A.B. asks: 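Would you mind keeping the following structure in view while I ask a few things?
None of the values given here were measured: they were computed from a predicted structure.
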Amino acid sequence: MKPERILVVDDETALLRLFEKFLSHYGYQVDSCERATDALLLLEKAPDDYQVVVADLTMPGMSGEEMVDRMMALKPSLHAILCSGYPVSLEQWDRFAGQISFLQKPFQPKALAEEIRRVIGNTGSQAQ
């Protein structure tokens, strides 16, 4: 079985590298981008390759919220985990109930792996 492919988008390089390393350890294929526009291009080129996007909401240029809205328009079955140091309401994404969740920063990387597994209902890639 092919591992799930995760797209991580955050403008903090160190955090991206940490997520890449950690999620790869848990058996996920991980692509990462520091800019929302780059992440959109990846998804446009291969929408079926990605099951989950992990997105910081506060990024320069295009916000994570706008990026996720555009991504969900491209691939309505996509799951998204939104991350921010600020509280967030998910009401604007009610139409995607069960596909979009939120993690308050700071969080432990293991919490991210567990949330990914929860949103995609995956029992194959298990956190250890």
Side-chain angles (χ1 to χ4, degrees):
M1 184 161 123
K2 192 169 142 180
E4 288 83 7
R5 195 162 178 190
I6 311 298
L7 178 56
V8 181
V9 189
D10 198 303
D11 60 322
E12 294 182 45
T13 305
L15 199 52
L16 275 182
R17 299 305 163 245
L18 173 68
F19 289 160
E20 286 173 352
K21 183 176 180 180
F22 194 83
L23 294 174
S24 294
H25 169 77
Y26 282 102
Y28 297 109
Q29 283 187 304
V30 183
D31 293 326
S32 62
C33 296
E34 292 180 19
R35 297 177 6 179
T37 52
D38 294 339
L40 275 170
L41 287 173
L42 281 178
L43 189 70
E44 285 172 359
K45 288 178 184 174
D48 294 334
D49 286 358
Y50 297 98
Q51 288 74 42
V52 178
V53 61
V54 177
D56 182 28
L57 290 178
T58 309
M59 294 184 287
M62 181 188 303
S63 73
E65 292 168 328
E66 183 180 348
M67 180 194 71
V68 168
D69 279 341
R70 290 184 182 190
M71 287 181 165
M72 297 303 277
L74 288 168
K75 183 178 180 178
S77 64
L78 186 69
H79 294 274
I81 300 170
L82 310 176
C83 307
S84 178
Y86 305 98
V88 170
S89 170
L90 298 178
E91 288 178 11
Q92 73 188 70
W93 290 294
D94 279 350
R95 66 193 181 281
F96 298 108
Q99 288 175 247
I100 296 181
S101 62
F102 175 72
L103 282 177
Q104 178 84 39
K105 286 181 176 180
F107 54 83
Q108 294 294 318
K110 186 173 181 177
L112 177 58
E114 291 169 352
E115 185 64 13
I116 289 169
R117 194 170 62 244
R118 186 193 71 74
V119 298
I120 60 177
N122 175 30
T123 57
S125 299
Q126 294 291 321
Q128 298 173 8

A.B. asks: If you define the side chain from C-beta out and look only at heavy atoms, does anything of M59 sit under 4.5 Å from V9?
C.D. replies: yes
A.B. asks: Quick one: does any side-chain atom of K75 pair with a main-chain N or O of Y50 as donor and acceptor, under 3.5 Å?
C.D. replies: yes
A.B. asks: How far does CG of D10 sit from OG of S32, to the nearest 0.5 angstrom?
C.D. replies: 10.0 Å
A.B. asks: To the closest 0.5 Å, what do you measure between CG (L74) and CG (L40)?
C.D. replies: 6.5 Å
A.B. asks: Between the main-chain N or O of G85 and the side-chain N or O of Q104, is there a donor-acceptor pair closer than 3.5 Å?
C.D. replies: yes
A.B. asks: Check the surroundings of atom NZ in K21: do more than 12 heavy atoms from other residues, nucleotides or ligands lie under 6.0 Å from it?
C.D. replies: no
A.B. asks: With side chains defined as the heavy atoms from C-beta onward, is the minimum distance between Q51 and I116 less than 4.5 Å?
C.D. replies: no
A.B. asks: Would you say L43 and R70 make side-chain contact, with heavy atoms under 4.5 Å?
C.D. replies: no
A.B. asks: Do L57 and C83 come within less than 4.5 Å of each other through their side chains, counting heavy atoms only?
C.D. replies: no
A.B. asks: Between D48 and R5, does at least one N-O distance fall below 4.0 Å, as a salt bridge requires?
C.D. replies: no
A.B. asks: Salt-bridge test for E114 and R118: reply yes if a basic N is under 4.0 Å from a carboxylate O, no otherwise.
C.D. replies: no
A.B. asks: Which heavy atom of F22 sits nearest a heavy atom of A113, and at what distance?
C.D. replies: CE2-CB, 4.1 Å
A.B. asks: Under the side chain to side chain contact (heavy atoms under 4.5 Å, CB included) rule, what do L78 and V52 come out as? Steps first, then yes or no, please.
C.D. replies: CA-CA 6 Å; L78 186 69; V52 178; 5.8 Å; no
A.B. asks: Decide yes or no for V68 and L82: does some side-chain heavy atom of the first lie under 4.5 Å from some side-chain heavy atom of the second?
C.D. replies: yes
A.B. asks: Any side-chain heavy atom of V8 within less than 4.5 Å of one from E20?
C.D. replies: no
A.B. asks: Hey, what do you get for CG (L112) to CG (L18), rounding to the nearest 0.5 Å?
C.D. replies: 9.5 Å
A.B. asks: Quick one: does any side-chain atom of E65 pair with a main-chain N or O of T58 as donor and acceptor, under 3.5 Å?
C.D. replies: no
A.B. asks: From the options F107, Y26, Y28, select the one residue that forms a ring-ring contact (aromatic ring centres under 6.0 Å, His included) with F19.
C.D. replies: F107
A.B. asks: How close do C33 and L7 get, counting heavy atoms only, and between which atoms?
C.D. replies: SG-CD1, 4.2 Å
A.B. asks: Could you check E115 against V119 for side chain to side chain contact (heavy atoms under 4.5 Å, CB included), going step by step and ending with a plain yes or no?
C.D. replies: CA-CA 6 Å; E115 185 64 13; V119 298; 3.5 Å; yes
A.B. asks: Is a side-chain donor or acceptor of E4 paired with a backbone partner of Q29 at a separation under 3.5 angstrom?
C.D. replies: no
A.B. asks: As an exercise, state the distance from CD1 of I120 to CD1 of I81, rounded to the nearest 0.5 Å.
C.D. replies: 8.0 Å
A.B. asks: Looking only at non-hydrogen atoms, find the nearest pair between P76 and Q99 and report the distance.
C.D. replies: O-NE2, 2.6 Å
A.B. asks: Is there a side chain to side chain contact (heavy atoms under 4.5 Å, CB included) between S89 and F102? Walk through the geometry before answering.
C.D. replies: CA-CA 9 Å; S89 170; F102 175 72; over 6 Å; no
A.B. asks: Would you say that M67 contacts T37 through its side chain, given a criterion of any heavy-atom pair below 4.5 Å between the two side chains?
C.D. replies: no
A.B. asks: Any side-chain heavy atom of P60 sitting closer than 4.5 Å to one from D11?
C.D. replies: yes
A.B. asks: How far does CD1 of I100 sit from CE of M71, to the nearest 0.5 angstrom?
C.D. replies: 11.5 Å
